[in-house]
Amino acid sequence: QVQLVESGGGLVQGGGSLRLSCAASGDRFTDYQMAWLRQAPGKERELVAGITFSSEKSYYADFVKGRFTISRDNAKNMVYLQMNDLKPEDTAVYYCAASKNVLLIVIQTPTARSYDYWGQGTQVTVSK
């Protein structure tokens, strides 16, 4: 199975930007659809963005559309989340996630529960 390690979190002022990275190992990377999830204190884990095996299609939650961009580099086994115009409500632990479900995004609307593997998470804190 795939192992995932996130990096790039930190403290940023509102309106600022961060780029999260996720390194995958242990299994063939192109067998997995990838995603970023997040969980704020006292809230359920939610899907932020997802991307298909070879970046053909992507999916974004309404609350990040136009601000965040997910991408992947299959040659490097990496997934990225570029986050712009950050808001205090974006404060959360961000998790890289993976699924072998070929129907996600293409046919099935993904949710946080669609992904079977997660990393340990990286904290993003946005100040006012």
Side-chain angles (χ1 to χ4, degrees):
Q1 67 183 45
V2 67
Q3 287 83 49
L4 305 169
V5 179
E6 304 91 338
S7 61
L11 173 65
V12 64
Q13 280 192 328
S17 298
L18 278 176
R19 187 194 195 206
L20 304 182
S21 299
C22 171
S25 62
D27 203 353
R28 189 162 60 188
F29 185 57
T30 51
D31 284 351
Y32 294 87
Q33 294 212 27
M34 302 300 297
W36 288 94
L37 314 179
R38 72 184 188 185
Q39 188 167 21
K43 294 188 176 181
E44 290 190 357
R45 195 170 296 187
E46 58 186 358
L47 176 64
V48 175
I51 191 166
T52 53
F53 304 103
S54 297
S55 307
E56 304 93 339
K57 296 190 74 173
S58 57
Y59 171 90
Y60 294 94
D62 286 343
F63 52 79
V64 301
K65 281 182 181 177
R67 300 190 298 126
F68 291 10
T69 302
I70 188 171
S71 61
R72 65 189 292 168
D73 185 336
N74 287 346
K76 296 181 178 180
N77 290 2
M78 296 290 295
V79 183
Y80 306 99
L81 186 68
Q82 178 66 43
M83 304 186 294
N84 298 329
D85 189 24
L86 283 161
K87 305 176 181 181
E89 52 264 41
D90 294 318
T91 295
V93 178
Y94 283 72
Y95 299 89
C96 181
S99 171
K100 285 192 169 184
N101 185 347
V102 301
L103 302 179
L104 286 179
I105 301 177
V106 179
I107 295 176
Q108 293 178 352
T109 300
T111 69
R113 296 179 183 271
S114 302
Y115 298 88
D116 304 305
Y117 307 98
W118 306 278
Q120 82 289 350
T122 185
Q123 176 70 46
V124 172
T125 303
V126 184
S127 63
K128 295 181 180 178

Is there a donor-acceptor contact under 3.5 Å from the side chain of Ser21 to the main chain of Gly8? no

Grab the two heavy atoms, one from Ala92 and one from Ala40, that are nearest each other, plus how far apart they are. CB-N, 3.8 Å

CZ on Phe63 to CG on Leu47, rounded to 0.5 Å: 7.0 Å

Atom CD1 of Ile51 and atom CH2 of Trp36: how far apart are they, to the nearest 0.5 Å? 12.0 Å

Looking only at heavy atoms, what is the nearest atom pair of Gln3 and Gly26, with distance? OE1-CA, 3.4 Å

Hydrophobic cluster membership, Leu81 vs Val12, 4.5 Å side-chain cutoff: yes

Does Leu104 reach the side chain of Tyr115, with side-chain heavy atoms less than 4.5 Å apart? yes

Check for me whether Arg72 meets the cation-pi criterion with Tyr32, that is, NZ or CZ under 6.0 Å from the six-membered ring centre and within 45 degrees of the ring axis. no

Heavy-atom nearest pair, Val93 first then Gly121, reads CG1-CA, 3.8 Å

Could you measure the distance from the CE atom of Met34 to the CZ atom of Phe29? Nearest 0.5 Å is fine. 5.0 Å

In terms of heavy-atom contacts, does CD of Glu89 have more than 12 from other residues, nucleotides or ligands at under 6.0 Å? yes

Donor-acceptor pair, distance only, cut-off 3.5 Å: does the side chain of Glu6 make one with the backbone of Gln120? yes

Side chain to side chain, Leu20 and Met83, heavy atoms closer than 4.5 Å: yes

On a heavy-atom basis, the closest approach of Ser17 and Gln82 is CB-NE2, 4.0 Å

Can you hop from Val48 to Val124 via hydrophobic side chains spaced under 4.5 Å? yes

Picking from Ile105, Asn101, Val106, what satisfies side-chain contact (heavy atoms from CB on, under 4.5 Å) with Leu103? Asn101

Is it the case that the side chain of Asn74 and the backbone of Phe53 share a donor-acceptor pair, with hydrogens and angles ignored and the cut-off at 3.5 Å? yes

In Å, rounded to the nearest 0.5 Å, how long is the span from OG of Ser25 to CG of Leu4? 7.5 Å

Whether the side chain of Thr52 engages the backbone of Lys57 through a donor-acceptor N/O pair (distance < 3.5 Å, no angle test) should be reported. yes

Which atom of Val64 lies closest to which atom of Arg38, heavy atoms considered: CG1-NH1, 4.4 Å

When rounded to the nearest 0.5 angstrom, what is the spacing between CZ in Arg45 and OG1 in Thr111? 12.0 Å

When you measure from the side chain of Ser99 to the backbone of Asp116, do you find a donor-acceptor pair of N or O atoms at a distance under 3.5 Å? no

Are Leu18 and Tyr94 in one and the same hydrophobic cluster, where Ile, Leu, Val, Met, Phe, Trp and Tyr link if side-chain heavy atoms are under 4.5 Å apart? yes

Distance, nearest 0.5 Å, that separates OH of Tyr80 from CD1 of Ile70: 12.0 Å

List the atom of Trp118, the atom of Leu37, and the distance in Å for their closest heavy-atom pair. NE1-CD1, 3.2 Å

Are the charged groups of Asp90 and Lys87 less than 4.0 angstrom apart, N to O? no

Surrounding CD of Glu44 (heavy atoms of other residues, nucleotides or ligands, distance under 6.0 Å), is the total greater than 12? no

Residues Thr91, Gln123; criterion side-chain contact (heavy atoms from CB on, under 4.5 Å); working and verdict: CA-CA 8 Å; Thr91 295; Gln123 176 70 46; 4.0 Å; yes

